[in-house]
Amino acid sequence: MHVRPLLLAAVLALGTAGCGLVPGDLGGGDDTPVAPGDQASPVPEALVSMTCGAPESGVVAVRGVLSNAGTKAVRYQVTAFADVADGQSRGARVAVVGPVAGGATAEFTVEGVPTTVAQPDCRAQVLKLPE
């Protein structure tokens with residue numbers, strides 16, 4: 001079984017409502033994001049920078065900056081992964097950032113991203129959520 005297609009399908013089906021930074025665990029439970037439907041759109045260009053923290057107890061914090069190049073305030077969904085250099089993600093965490101004003105930047109932190117290595121390779125997917 002290939003994890004990558006299943007992970008991609010799971011990531012594309014995610015979203016949350018509300019303002020600010022809302023974490024979600026892709027493993028299920030009460031904090032699992034709700035599906036945004038077909039209205040969420042990938043915006044990799046919004047990710048200005050990202051760093052992967054030092055692992056502690058099998059998890060890392062992924063921090064970064066998003067930039068809204070538009071004129072209207074928008075919300076972003078950030079899905080952070082660690083250990084993806086070998087193509088095998090160990091899990092992911094989700095946060096919703098915003099609203100971010102037009103022309104502004106916003107910092108984000110996604111806590112608790114699972115990892116199994118001392119120096120994980122972190123990645124993120126950024127979606128622009130519907131208004």
Side-chain angles (χ1 to χ4, degrees):
M1 177 167 82
H2 293 284
V3 175
R4 191 176 291 170
L6 293 175
L7 185 57
L8 179 59
V11 168
L12 293 176
L14 296 174
T16 60
C19 297
L21 186 63
V22 182
D25 180 355
L26 295 183
D30 293 337
D31 61 348
T32 300
V34 296
D38 295 333
Q39 297 176 0
S41 56
V43 285
E45 66 277 8
L47 184 62
V48 175
S49 66
M50 184 180 72
T51 60
C52 197
E56 288 186 29
S57 302
V59 297
V60 297
V62 177
R63 293 176 173 79
V65 176
L66 297 174
S67 177
N68 179 1
T71 57
K72 292 183 178 181
V74 297
R75 290 180 306 124
Y76 297 99
Q77 175 181 293
V78 178
T79 304
F81 310 86
D83 298 353
V84 295
D86 63 359
Q88 302 295 313
S89 174
R90 305 314 187 254
R93 295 280 292 170
V94 176
V96 173
V97 182
V100 179
T105 60
E107 294 181 356
F108 68 87
T109 300
V110 183
E111 300 281 352
V113 179
T115 186
T116 58
V117 297
Q119 294 181 337
D121 183 18
C122 292
R123 305 256 194 263
Q125 179 195 47
V126 180
L127 297 176
K128 178 180 158 186
L129 296 175
E131 295 179 28

Do you know the tightest heavy-atom contact between Asn68 and Ala73?
ND2-CA, 4.0 Å
Side-chain donor-acceptor distances from residues 47-62 under 3.5 Å, at least two apart:
none

State, to 0.1 Å, how close Val97 and Phe108 come at their nearest heavy-atom pair, and which atoms those are.
CG2-CB, 3.5 Å
State, to 0.1 Å, how close Ala124 and Val78 come at their nearest heavy-atom pair, and which atoms those are.
CB-CG1, 4.1 Å
Taking every non-hydrogen atom, the tightest pair across Ala95 and Val110:
CB-CG2, 3.9 Å
Output the distance between atom OH (Tyr76) and atom CG (Leu129), rounded to the nearest 0.5 Å.
10.0 Å
Rounded to the nearest 0.5 Å, what's the gap from OG1 on Thr79 to CZ on Arg93? Could you check?
11.0 Å
For a quick test of reading the model, state the closest non-hydrogen atom pair linking Leu127 to Val43 and the distance between them.
C-CG2, 4.0 Å
Taking all atoms of both residues into account, what is the closest heavy-atom pair of Pro42 and Pro44, and its distance?
C-CD, 3.6 Å
Arg75 side chain vs Gly98 backbone, donor-acceptor pair below 3.5 Å:
no
